[in-house]
Number of protein chains: 2
Amino acid sequence: MSRIPLPSLKRLPRYLNVLESFQSYGTDTISATDIAEELDLKPIQIRKDMAFTGIVGKPKVGYDVGALIKAIRDFIGWNDISPAVLIGAGSLGTALMRYEGFAKRNLNIVAAFDKDQNRNSDGRSSTPVYPMERLPAIVAEHEIEIAILTVPPAAAQEVTDQLVKLGIRAIWNFSSAEIQVPPHVVVRREDLSEGLAVLCVQLHELDETREKK
Amino acid sequence: MSRIPLPSLKRLPRYLNVLESFQSYGTDTISATDIAEELDLKPIQIRKDMAFTGIVGKPKVGYDVGALIKAIRDFIGWNDISPAVLIGAGSLGTALMRYEGFAKRNLNIVAAFDKDQNRNSDGRSSTPVYPMERLPAIVAEHEIEIAILTVPPAAAQEVTDQLVKLGIRAIWNFSSAEIQVPPHVVVRREDLSEGLAVLCVQLHELDETREKK
DNA sequence: CGTTTTTCGATATATATATCCCTGTTATCG
DNA sequence: CGATAACAGGGATATATATATCGAAAAACG
């Protein structure tokens, strides 16, 4: 479905980090070799990835940092503000509300919602927490397409069905539950145990190669 | 480096979720077709992945649920308790301390550490929060190999160097910073903006295919 | 007790992704 | 001003991953 390979797409935000860092130091041009060095990748991979954003570089010089940042952000859609709702104001939900990184990428969490009325705003975050009943009104008012799901696994499907009915088009699922959606809705799973598994196996493999020596 | 393909490894925790769910309903045997249905995957892929864990199924029946759970957990290393430390008791760090999913996978966050002394335990989590000075003693005492990094990007490399010096072998990096480690240490990046980028692009692509109709 | 159906597991094929090789361009240095 | 080195970008190749095909095994059923 994707025109850009998924691995390439996942690397783009890392490129952005490097580019923004270079920009803050006043560098206005950067080569694929420079980026590759920062990220432990091969220059050729960076060039191939950049091609998808439509940007062209200059031989012997590299890419214009500002133009490249703009091109990548345009490609991902981070130059337009995306309003979002967050469902489930538990500890993870609260942490995401406070996460500064979203603002940088123009993701605006308009409001959070929770079944438990006691979980209202604690003042440390600017995002208001409402009861679930207010969800339809807020989604309609702000024309929200993106929902962040941080509810317990048991509630995930029920909440998902609600969100779909309200016209939500993209769900970022932080619960470990597998949720079912109609084809006109995209879901992105963000499962911590996945990362933990990779880390554990890599650690184990490291021990094994060490023993062989 | 990995004997198992990375995508396969990432699917294993999802299989575990399904298996545990089936087990809780009393089902003691499961086919690749069943799992595939739950996860929207093809049965072939599940069988291929299972082969890496060394488990063998029975024609016409499938796999023994209990044995499969044990095999997968053994493969990942989740049957042994892994003690870990968490550095950076901000909102994300606190959320991870409270995350119940880690206990299920035998990851035991022994203690958290923070530069800011004020961020001590708030009672809602059983994990104690210590000042950074106590880090060496705790790591040595519990023979800790795994560190969870939830510090601001600017502090990431400095803390990493400290961790490496203390003999930490695996770092789960939740900061957006790119950290450098010697070859005997593994790093797993867990970058939220990566997932956001994928979600945004997929949402956009969905709109495009819709317009074409 | 044979036939049918389901499912595993091995081999083969297809697709996706990463890497290499070559060419052309452009800044830098002699 | 010419030679050289650094870099981008296209096309070809290699590797990794996913999917298809097939045969064999075992349960179910007539």
Side-chain angles (χ1 to χ4, degrees), chain A residues 1-15 18-19 22 27-69 71-72 75 194 197-198 201-202 205, chain B residues 1-15 18-19 22 27-69 71-72 75 194 197-198 201-202 205:
Chain A
M1 179 175 177
S2 273
R3 299 274 298 287
I4 186 177
L6 202 63
S8 299
L9 174 53
K10 287 183 180 176
R11 282 188 293 267
L12 293 185
R14 301 180 67 191
Y15 299 156
V18 173
L19 290 167
F22 269 66
T27 315
D28 56 356
T29 179
I30 190 171
S31 75
T33 316
D34 297 331
I35 301 176
E37 211 161 293
E38 294 287 318
L39 301 178
D40 270 317
L41 298 172
K42 310 253 166 114
I44 209 151
Q45 190 166 57
I46 280 108
R47 279 195 282 266
K48 278 276 194 275
D49 290 343
M50 293 311 178
F52 288 104
T53 69
I55 200 85
V56 289
K58 228 178 176 182
K60 182 79 183 178
V61 176
Y63 303 90
D64 180 85
V65 174
L68 192 44
I69 290 176
I72 293 178
F75 183 86
E194 186 177 286
V198 176
V201 169
Q202 287 182 344
E205 281 171 350
Chain B
M1 178 178 177
S2 274
R3 298 273 298 286
I4 186 176
L6 203 62
S8 298
L9 175 53
K10 287 183 179 176
R11 281 188 293 266
L12 293 185
R14 301 180 68 190
Y15 299 157
V18 173
L19 291 167
F22 270 66
T27 315
D28 56 355
T29 178
I30 191 171
S31 75
T33 316
D34 297 332
I35 301 176
E37 211 161 292
E38 294 287 320
L39 301 178
D40 271 317
L41 299 172
K42 310 254 166 113
I44 296 179
Q45 191 166 57
I46 280 105
R47 279 195 281 268
K48 273 272 197 281
D49 290 344
M50 293 311 178
F52 288 105
T53 68
I55 200 85
V56 289
K58 233 180 175 179
K60 182 76 181 178
V61 176
Y63 303 91
D64 180 84
V65 174
L68 192 44
I69 290 176
I72 294 177
F75 183 86
E194 184 177 288
V198 176
V201 169
Q202 287 182 343
E205 281 171 350

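Note: hydrogens, waters and symmetry copies are ignored here, and every other heavy atom, side chains too, is used. Every value quoted in this text rests on a predicted model; they were computed, and no experiment measured them. Lettering of chains follows the sequences in order, A, B, ..., and the numbering in each one begins at 1.
Across the protein-nucleic acid pair, A:Lys42 atom NZ and D:dA16 atom C1' stand 14 Å apart, rounded to whole Å. Computed from coordinates, the B:Ile35 CD1 to C:dT6 C1' distance equals 16 Å when rounded to whole Å. Here the P atom of nucleotide D:dA26 and the CG atom of B:Asp64 are 16 Å apart, to the nearest Å. The distance from atom CG of A:Leu9 to atom P of C:dT17 is 11 Å, rounded to the nearest whole Å. As rounded to whole Å, 15 Å separates atom P of D:dA16 from atom CD1 of B:Ile4. Distance, A:Leu6 CG to C:dT15 P: 19 Å, rounded to whole Å. Atom CZ of B:Arg11 is separated from atom C1' of D:dT19 by 12 Å (rounded to the nearest Å).
Using a 4.5 Å heavy-atom cutoff, the side chains of A:Tyr15 and A:Ile30 are not in contact.
Applying salt bridge (charged side-chain N to carboxylate O under 4.0 Å, His left out) to B:Asp49 and the options B:Lys10, B:Arg14, B:Arg11 leaves one that passes, B:Arg11.
The side chain of B:Arg3 contributes no N or O atom lying less than 4.0 Å from OP1 or OP2 of D:dA16. At the phosphate of D:dT17, neither OP1 nor OP2 sits under 4.0 Å from any side-chain N or O atom of B:Gln45.
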Every protein N/O within reach of nucleotides 2-11 of chain D N/O, cut-off under 3.5 Å:
residue : atom : partner : partner atom : Å
D:dA6   : O4'  : A:Lys60 : NZ           : 3.0
D:dA8   : OP1  : A:Ala32 : N            : 3.0
D:dA8   : OP2  : A:Arg47 : NH1          : 2.1
D:dA8   : O3'  : A:Gly57 : N            : 3.3
D:dA8   : O3'  : A:Gly57 : O            : 3.4
D:dG9   : OP1  : A:Gly57 : N            : 2.7
D:dG9   : OP2  : A:Tyr63 : OH           : 3.1
D:dG11  : O6   : A:Lys48 : NZ           : 2.7

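Between the CD atom in A:Glu37 and the CG atom in A:Leu41 there is a gap of 11.5 Å [rounded to 0.5 Å]. The CD1 atom of B:Ile35 sits 6.0 Å away from the CD1 atom of B:Ile46 when rounded to the nearest 0.5 Å.
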Atom pairs and distances, donor-acceptor, side-chain atoms in residues 57-66 of chain A, under 3.5 Å, two or more places apart:
residue : atom : partner : partner atom : Å
A:Asp64 : OD2  : A:Gly66 : N            : 3.3
A:Asp64 : OD2  : A:Ala67 : N            : 2.8

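For B:Thr53, the side-chain contact (heavy atoms from CB on, under 4.5 Å) criterion is met by B:Leu12, B:Ile55, B:Ala71, B:Ile72, B:Phe75, not counting sequence neighbours.
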